[in-house]
Amino acid sequence: MEEKKGHFETTVVHAGVKPDPTTGAIMTPIYATSTYVQISPGKHLGYDYSRTANPTRTALESSLAAIEGGNYALALSSGCTGTDILMHLMEVGDHVVSVDDVYGGTSRLFRSIWSRHGLAVTFGDLTNQPLSDFVTPKTKMIWIETPTNPLLKIIDIEKVVAQAKKLPHRPIVVVDNTFASPYFQRPLELGADVVLHSTTKYINGHSDVVGGALVTNDKGLLEQLHHIQNSIGGIPGPFDAFLVLRGIKTLALRMQRHGENAFELAKFLEKHPLVDRVIYPGLESHPQHAVACKQMKGFGGMITFFVKGNIENARRFLESVKIFALAESLGGVESLVDHPAIMTHASIPPETRKSLGIGDNLIRLSVGIEALADLKDDLENALKRSQ
Ligand code: P1T
């Protein structure tokens, strides 16, 4: 679909959305239909069954492709569906190299589901070790998450792509762009083959939908991915597609505020005597700050920090926050706080969590768009009560 090219702030409002040709309705209708009447067998108006395609979803897919700077997108029932569809590209005996710090659910799919189907995954620290340390002749995919969840490691996408392109079997490079959102980072422009999103997070932005997306410039790859999706399901319903499309319109405004609030709170926490260490890509103390400056337009809305003390201090902090809600997920307008070891990353084996540094006093913040002063007060009060 041809889109008018504009700045990101314009693209989020307009991409994929055309006035309804029959009524002029400015908003995309919610096409609540499972099937479509055919004029003659096999002759129809472009839609035959809603697992294959649905007009509300088509509008969302055009928007998703445009905001990621890609040619094609698939809208999915969840971010994990995207991971699962990509794994279906692999064959028995194939090998995947993944960043060591990934979302707990991604790790669970690799470790406990796909390993039973003959797929091997090696988890490596791609921040400082070359790809060649981890690849085998069977490596078909490189899995990057950046910033990573929950340690906010930054992987140099261009560098990994350059290394992957030199390999004789040329593995596909996937980037999970959920934490940055396309407002702050566009992996396809840095050479990645596929971008994955949990649209549950920033893209929808209102904590009222679970959804996912895959975006690519490669038509052949899109066709393979769509074939898999159409075969296994994993589609969003039209109402969810509508909500995500609606959320995207304010993505630029929301991300700007998420980023501003998070940067200020990261600086505040870094100076706080009851905080041991803060991880935020915008801080000069972040080990990959230079890479973040190179490949991101800003540093995002996520902060990870270590509260002084142990699990009991973390628990007291988490029970004391009043504006930050103790909940899994991220990327909504409201601020959330998470304890990865007990909550979002509980499915990662404890020894792996420990070796990665996901400790009992590690706390993850998803900074919302509320007033900065209120968020700061909330953290200050909870930190006082943590000791
Ligand atoms: O929840 P779902 O829409 O299936 O998305 C999975 C997913 C994929 N990738 C990243 C980087 C993610 O953070 C997630 C989901 N994460 C959480 C629910 C969380 O609280 O970290």
Side-chain angles (χ1 to χ4, degrees), residues 60 64 68 74-87 96 98-111 113-114 123 126 143-155 157 174-182 184-185 187 192 194-215 229 232-237 240-241 243-244 247 258 279 281 300-304 318 324-332 334-348 353 356 358 362-368:
L60 171 60
L64 289 165
E68 267 300 344
L74 290 176
L76 318 166
S77 54
S78 72
C80 285
T81 303
T83 310
D84 195 46
I85 287 176
L86 286 164
M87 291 302 108
V96 177
S98 168
V99 170
D100 53 2
D101 181 45
V102 285
Y103 165 55
T106 306
S107 165
R108 180 175 53 202
L109 255 171
F110 289 161
R111 288 177 209 269
I113 307 288
W114 282 99
F123 294 89
L126 298 182
W143 190 276
I144 298 175
E145 198 181 282
T146 183
T148 64
N149 181 359
L151 294 169
L152 306 179
K153 292 184 185 186
I154 305 292
I155 316 299
I157 298 170
V174 176
V175 176
D176 183 334
N177 201 26
T178 299
F179 266 39
S181 91
F184 286 126
Q185 179 172 274
V194 189
V195 166
L196 167 79
H197 274 286
S198 166
T199 55
T200 315
K201 314 297 189 284
Y202 290 109
I203 288 191
N204 178 58
H206 293 75
S207 305
D208 50 10
V209 171
V210 172
L214 291 171
V215 190
Q229 184 190 31
I232 66 176
I235 54 155
D240 281 0
L243 283 176
V244 178
H258 283 297
I279 309 175
M302 300 300 294
I303 302 174
T304 294
L318 295 165
F324 279 86
L326 178 60
E328 305 209 357
S329 202
L330 58 116
E334 63 288 300
S335 293
L336 300 181
V337 61
D338 165 49
H339 189 273
I342 297 177
M343 297 163 66
T344 48
H345 292 69
S347 59
I348 295 180
R353 274 204 312 268
L356 283 169
I358 305 174
L362 184 147
I363 288 168
R364 190 190 76 180
L365 301 178
S366 170
V367 179

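Order of listing sets the numbers, starting from 1, for every ligand and every atom in it. One-based numbering along the sequence shown.
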Legend entry - Polar contact flag for Thr200 and ligand 1 (N/O pairs, less than 3.5 Å): yes
Legend entry - Close N or O approach (Asn149, ligand 1; < 3.5 Å): yes
Inset, instruction - If you have a sec, work out which protein heavy atom is nearest atom 17 (C) of ligand 1 and how many Å separate them, to one decimal? - result: Tyr103 CE1, 3.3 Å
Legend entry - Identity and separation of the nearest protein heavy atom to atom 20 (O) of ligand 1: Ser329 N, 2.7 Å
Inset, instruction - Would you give the length of the straight line joining atom OH of Tyr202 to atom CG of Asn177, rounded to the nearest 0.5 angstrom? - result: 11.5 Å
If every non-hydrogen atom of [X] is compared with every non-hydrogen atom of [Y], which pair is closest and at what distance?
| X | Y | value |
| --- | --- | --- |
| His339 | Leu362 | CD2-O, 3.8 Å |
| Ser98 | Phe110 | OG-CE1, 3.7 Å |
| Glu145 | Thr106 | OE1-OG1, 4.4 Å |

Legend entry - side chain to side chain contact (heavy atoms under 4.5 Å, CB included) partner of Val175, the single match among Val99, Ile157, Ile155: Ile157
Legend entry - Passing candidate, side chain to side chain contact (heavy atoms under 4.5 Å, CB included) with Tyr103, options Thr178, Ile348, Asn149, Asp176: Asn149
Enumerated ligand 1 atoms positioned under 4.0 Å from heavy atoms of [X]:
| X | result |
| --- | --- |
| Gly211 | 3 (O) |
| Thr344 | 19 (C), 20 (O), 21 (O) |
| Arg364 | 19 (C), 20 (O), 21 (O) |
| Phe179 | 13 (O) |
| Cys80 | 2 (P), 4 (O), 5 (O), 6 (C) |

Legend entry - From the candidates Glu145, Met302, Lys201, the one that places a heavy atom nearest atom 18 (C) of ligand 1: Lys201
Inset, instruction - From the options Leu330, Thr199, Leu336, Asp176, select the one whose nearest heavy atom is closest to atom 11 (C) of ligand 1. - result: Asp176
Inset, instruction - With sequence neighbours left out, write down each residue that passes side-chain hydrogen bond (donor to acceptor under 3.5 Å, both in side chains) with Ser335, or none if nothing qualifies. - result: Glu370
Inset, instruction - Check side-chain hydrogen bond (donor to acceptor under 3.5 Å, both in side chains) between Gln229 and all other residues, then give those that pass, not counting sequence neighbours. - result: none
